[in-house]
Undergrad: 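I'd like to ask you about the structure that follows.
Proteins come first, then strands; the chains are lettered A, B, ... in the order of their sequence lines, and each starts at number 1.
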Amino acid sequence: MGDKKIKIDEYKEIRLGGFQARSHNWWEEANPEESEEEEQQGQEWRYLEHHGVLFPPFYKRHNVGLIYNGKLITLTEEQEELCTYWAQSIGSPYENKEIYRKNFESLMQTKFEGFQLDKADFTKIKEYLEQQRLLRLNKSDEQKKQEKLERDQRELFYGYALVDGCLERVGNYTLEQPTLFKGRGEHPKAGLLKARIFPEELTVNLSTQAPVPQCKLPGHSWGKIVHRNDVTWLFSYVDSSIRKDNHKYVQFAATSRFKQMNDKRKYEKARRLKNQIDQIRENYTKKLQSDSIKERQLGTATYLIDKLALRVGNEKDEDEADTVGCCSLRVEHIKLKEDDVVAFDFLGKDSMRYNNEVKLAHQIWKNLKLFIKGKQPEDNLFSDISVDDLNDFLKKQMEGLTAKVFRTYNASFTLQQQLDLGGKLDGHSVQQKVDFYDNANKQVAILCNHQKTISKQFELTKKKINTKLECMKTYIQELEQHYKKKNPNEYEEEVQLEEGSQKKNSIFIKKFPGQHDKIKQTIQKTQEKYQKELKGLEKKEENKEIALGTSKTNYNDPRISVAFCKVHDVPIERVFSKTLRNKFIWAMATDSNWKF
DNA sequence: GATAAGACTTGGAAAAATCTTC
DNA sequence: GAAGATTTTTCCAAGTCTTATC
């Protein structure tokens, strides 16, 4: 990029050099998917050129000591680095996790003989980090502006690749920072060091004719250069510090043509499933009473994947967290109750708990009872089938059908169905229509079990709002009394909402006007505010454990949302953020009559 | 055909950006 | 215009499924 400061626009001009800044509108072409012969042979591109990756900065020594055994000690650079990584996780839930502590302790022992975590006090390093954070926070406007400019220029340089005459956005062009590994749930490797990646470990992928990007790390060079046009990654490497065979890639961004086309294909496949679902359901239902246990298990597992939107559940390694999906369910994860009800309780992807009690078809209940018979709690429920068996069965039902298609189909189908319930929504405000949409999306999130942990702030925020609500209630009553007075006097009162707090937001001002009509106005306004606040609180409470983003990004066919917005005159910005609008740009021209 | 390797999608948490309210 | 709330984006972990290899 050079040291010289150039304006973004100028830079773009140089970089583009006559190329189009954006992809052509592939979705407007007649048959973008079929016409390309290359694609038939698995060729993703003809020309690929890019600028390489950005390496995270090296560790910078700060010479802040550690208090060990009550005494301040000086650390070697290696020790200091590890201790600094530890200090970064102070205050997070990891700090108190047994595995995280144990693994960090043994990691430290490789650099610090006999190191015991209990004897170490990281206060000074933590303070130093906090200082640095504040320094970053309180930079001058001039400095912030300068940094933004540099960021933008970096983004232009690394953030785009040249693909067949168009610039495509690159996703993760910055390599991951070395740090202590933080797995999800009870991950056996949490607290170990996720090591720095060096250029020698990277495989670069580009065209034979394209210039090889410069390796910006002095004294280093790329490990391998390949010209694979059957794949879409720019760099690949194996991050074996936590798990062997952990393949990582630098890929195109979600807004790139590649990902957009894959997205559209995904939803089209889900729509094909929709058209054939009756026949497919009939087919797996037939299996439920088969003489063969294997067949019964195939039918039963498919039923659960379809009905409960479970993931398929591949095998996992010993050194990963113990999580399961449908095929890896164990006897201990289900309880058969009366009246065909089955209680599921297991940890799924990301160790998120799936806890659901649901009435299933009688034959399913009977089959589950049969599969459990004579087994131990830790035995596999579906002991006679594998994920491959299940997907092989699905492939025979429909070309390209796999277990995850059911999740996409059921999610999009649910959204469409929920939105159709709204009818015309005439006379509703835009906000009400958006609320209606959000609720429809919420049903999808519930189906897919998209959860989030309740934020630390939540209880506090709730308490605050409740206090405010109480205060408003009293205020309204007082205003009504005030209104009854013959000659009301005008005055103000301040109420402290939070004890001992000096913050502006903790003060509620009660205004008592001097004229009757103004009092009436104030009463009405306050009542409106009260209702709004109350509704907000209810919504917060209802959604406190539901993550609404995942379904929007990955499961809902965007055309459903676009059509909804067009029919009901809701600006698309109210439903999709800027990145989502870019990701789904191919769906923006969807007709208002479109249905999933 | 079984297993390992490889490629790409999906996921929640945290950081950053933006909006709201006083 | 600052503080706090809310939304959006980034980060990277953790899934699914395909392809290569024996």
Undergrad: Which one, B:dA7, C:dG15, B:dT10, comes nearest to the side chain of A:Lys316?
TA: C:dG15
Undergrad: Please state whether the phosphate of C:dG15, meaning OP1 or OP2, lies under 4.0 angstrom from any side-chain nitrogen or oxygen of A:Arg407.
TA: no
Undergrad: So which nucleotide from B:dT9, B:dA17, C:dT8 ends up closest to the side chain of A:Thr579?
TA: C:dT8
Undergrad: From the options B:dT10, C:dC17, B:dC8, select the nucleotide whose nearest atom is closest to the side chain of A:Trp233.
TA: B:dC8
Undergrad: Need one value for A:Glu320: base, sugar-phosphate or nothing, where a base atom within 4.0 Å counts as base even if backbone is also close, heavy atoms only.
TA: nothing
Undergrad: A:Tyr237 has an atom OH; how far is it from atom P of B:dA5, in whole Å?
TA: 19 Å
Undergrad: Taking only the side-chain nitrogens and oxygens of A:Asn554, find out if one of them lies under 4.0 Å from OP1 or OP2 of B:dT9.
TA: no
Undergrad: What is the distance, rounded to the nearest whole Å, between atom CG of A:Leu54 and atom P of C:dC12?
TA: 12 Å
Undergrad: I want to confirm an ordering. Mapping A:Glu315 and A:Arg169 to their closest nucleotides on DNA chain C, which one lands closer to the 5' end?
TA: A:Arg169
Undergrad: Using a strict cut-off of less than 4.0 Å between a Lys/Arg side-chain nitrogen and an Asp/Glu carboxylate oxygen, indicate whether A:Glu176 and A:Lys194 qualify as a salt bridge.
TA: yes
Undergrad: Using ring centroids (six-membered ring only for Trp), state whether A:Tyr354 and A:His333 fall under 6.0 Å.
TA: no
Undergrad: Once you apply a heavy-atom cut-off of 4.0 Å, does A:Thr453 come out as touching a base, just sugar-phosphate, or nothing?
TA: sugar-phosphate
Undergrad: Between A:Asn449 and A:Lys259, just flag the one whose closest nucleotide in DNA chain B comes earlier from the 5' side.
TA: A:Lys259
Undergrad: Report yes if at least one side-chain N or O of A:Thr232 is closer than 4.0 Å to OP1 or OP2 of B:dC8; otherwise report no.
TA: yes
Undergrad: More 5' along DNA chain C: A:Gln177 or A:Lys269, using each one's nearest nucleotide?
TA: A:Gln177
Undergrad: With rounding to the nearest 0.5 Å, note down the distance linking OG1 in A:Thr203 to CZ in A:Arg228.
TA: 10.0 Å
Undergrad: How sharply is the helix from B:dG1-C:dC22 to B:dC22-C:dG1 bent, taking the axes over five pairs at either end and rounding to 10 degrees?
TA: 20°
Undergrad: Before accepting this row, confirm whether a basic side-chain N of the pair A:Glu320/A:Lys189 lies closer than 4.0 Å to the acidic partner's carboxylate O.
TA: no
Undergrad: Looking across every strand, which nucleic acid part, if any, lies under 4.0 Å from A:Ala403 by heavy atom: base, sugar-phosphate, or nothing?
TA: sugar-phosphate
Undergrad: So what does A:Arg581 touch, heavy atoms closer than 4.0 Å: a base, only the sugar-phosphate, or nothing?
TA: nothing
Undergrad: Taking any heavy-atom pair under 4.0 Å as a contact, classify A:Lys404: base, sugar-phosphate, or nothing.
TA: sugar-phosphate
Undergrad: At under 4.0 Å between heavy atoms, what does A:Arg574 touch on the DNA or RNA strands: base, sugar-phosphate, or nothing?
TA: nothing
Undergrad: Write down the distance between NZ (A:Lys544) and P (C:dA5), rounded to a whole number of angstrom.
TA: 18 Å
Undergrad: With a 4.0 Å cut-off, would you call A:Lys583 and A:Asp263 a salt bridge?
TA: yes
Undergrad: Would you call the rings of A:Tyr59 and A:Tyr85 parallel, tilted or perpendicular, where under 30° means parallel and over 60° means perpendicular?
TA: perpendicular
Undergrad: Please determine whether a side-chain nitrogen or oxygen atom of A:Ser92 lies at a distance below 4.0 Å from atom OP1 or OP2 of B:dA14.
TA: no
Undergrad: Distance check: side-chain N/O of A:Arg184 vs OP1/OP2 of B:dA14, anything under 4.0 Å?
TA: no
Undergrad: For the residue pair A:Asn441 / A:Ser551, report whether a side-chain donor-acceptor contact shorter than 3.5 Å exists.
TA: yes
Undergrad: Counting only side-chain heavy atoms from C-beta out, which of B:dG11, C:dC17, C:dA13 sits nearest to A:Glu176?
TA: C:dA13
Undergrad: Regarding A:Gly313, tell me which of base, sugar-phosphate or nothing describes its non-hydrogen contacts under 4.0 Å with the strands shown.
TA: sugar-phosphate
Undergrad: Classify the ring geometry of A:Phe55 against A:Trp222: parallel below 30°, tilted from 30° to 60°, perpendicular beyond 60°.
TA: parallel
Undergrad: Contact class for A:Lys395 (heavy atom, under 4.0 Å): base, sugar-phosphate, or nothing?
TA: sugar-phosphate
Undergrad: Measuring to OP1 and OP2 of C:dT16, would you say a side-chain N or O of A:Asn314 lies under 4.0 angstrom away?
TA: yes
Undergrad: NA contact type, A:Ser236, heavy-atom cut-off 4.0 Å: base, sugar-phosphate, or nothing?
TA: nothing
Undergrad: Quick one: is A:Lys266 getting a side-chain N or O under 4.0 Å of the B:dT10 phosphate, OP1 or OP2?
TA: yes
Undergrad: Would you indicate what A:Asn172 reaches in the nucleic acid, counting non-hydrogen atoms under 4.0 angstrom: base, sugar-phosphate, or nothing?
TA: nothing
Undergrad: Test A:His51 against every option in A:Phe235, A:Phe157, A:Tyr173 by the ring pair (Phe, Tyr, Trp, His ring centres under 6.0 Å) rule and name the one that passes.
TA: A:Phe157
Undergrad: Tell me: NE2 of A:His187 to P of B:dG11, nearest whole Å?
TA: 18 Å
Undergrad: Any side-chain N or O of A:Thr550 less than 4.0 Å from the OP1 or OP2 oxygen of B:dG11?
TA: no
Undergrad: Any salt bridge between A:Arg169 and A:Glu155, counting N to O under 4.0 Å?
TA: yes
Undergrad: Can you find a side chain N or O atom of A:Arg311 that sits less than 4.0 Å from OP1 or OP2 on B:dG11?
TA: yes
Undergrad: Using OP1 and OP2 only, check whether a side-chain N or O of A:His247 sits under 4.0 Å from B:dA4.
TA: no
Undergrad: How long is the line joining NZ of A:Lys244 and C1' of B:dG6, in whole Å?
TA: 15 Å
Undergrad: May I ask you to say what A:Arg243 touches in the nucleic acid, namely base, sugar-phosphate or nothing, with a heavy-atom cut-off under 4.0 Å?
TA: nothing
Undergrad: So A:Gly325, base contact, sugar-phosphate only, or nothing? Heavy-atom distance under 4.0 Å.
TA: nothing
Undergrad: With ring pair (Phe, Tyr, Trp, His ring centres under 6.0 Å) as the test, would you mind laying out the steps for A:Trp45 and A:Phe252 before giving the verdict?
TA: CA-CA 13 Å; A:Trp45 46 262; A:Phe252 286 102; 9.1 Å; no
Undergrad: What is the separation between atom OH on A:Tyr555 and atom C1' on C:dG15, rounded to the nearest whole Å?
TA: 9 Å
Undergrad: To the nearest Å, how far apart are A:Asp239 CG and C:dC11 P?
TA: 16 Å
Undergrad: Which is more 5' along DNA chain B, the nucleotide nearest A:Val238 or the one nearest A:Met352? Just name the residue.
TA: A:Val238
Undergrad: What's the closest nucleotide to the side chain of A:Lys578 if the choices are C:dC17, C:dT9, B:dT10?
TA: C:dT9
Undergrad: Find the distance A:Asp438:CG to C:dT6:C1' and express it as a whole number of Å.
TA: 13 Å
Undergrad: Consider the side chain of A:Tyr249, meaning its heavy atoms from C-beta on, and name the nucleotide among C:dT9, B:dC8, C:dG15 that approaches it most closely.
TA: B:dC8
Undergrad: Nearest to the side chain of A:Ala547 - B:dC8, B:dG12, C:dT8?
TA: B:dG12
Undergrad: Which part of the nucleic acid, if any, lies within contact of A:Asn246, taking any heavy atom under 4.0 Å across all strands shown: a base, the sugar-phosphate backbone alone, or nothing?
TA: nothing
Undergrad: When we call it a touch if two heavy atoms are under 4.0 Å apart, what does A:Thr174 touch: a base, just sugar-phosphate, or nothing?
TA: nothing
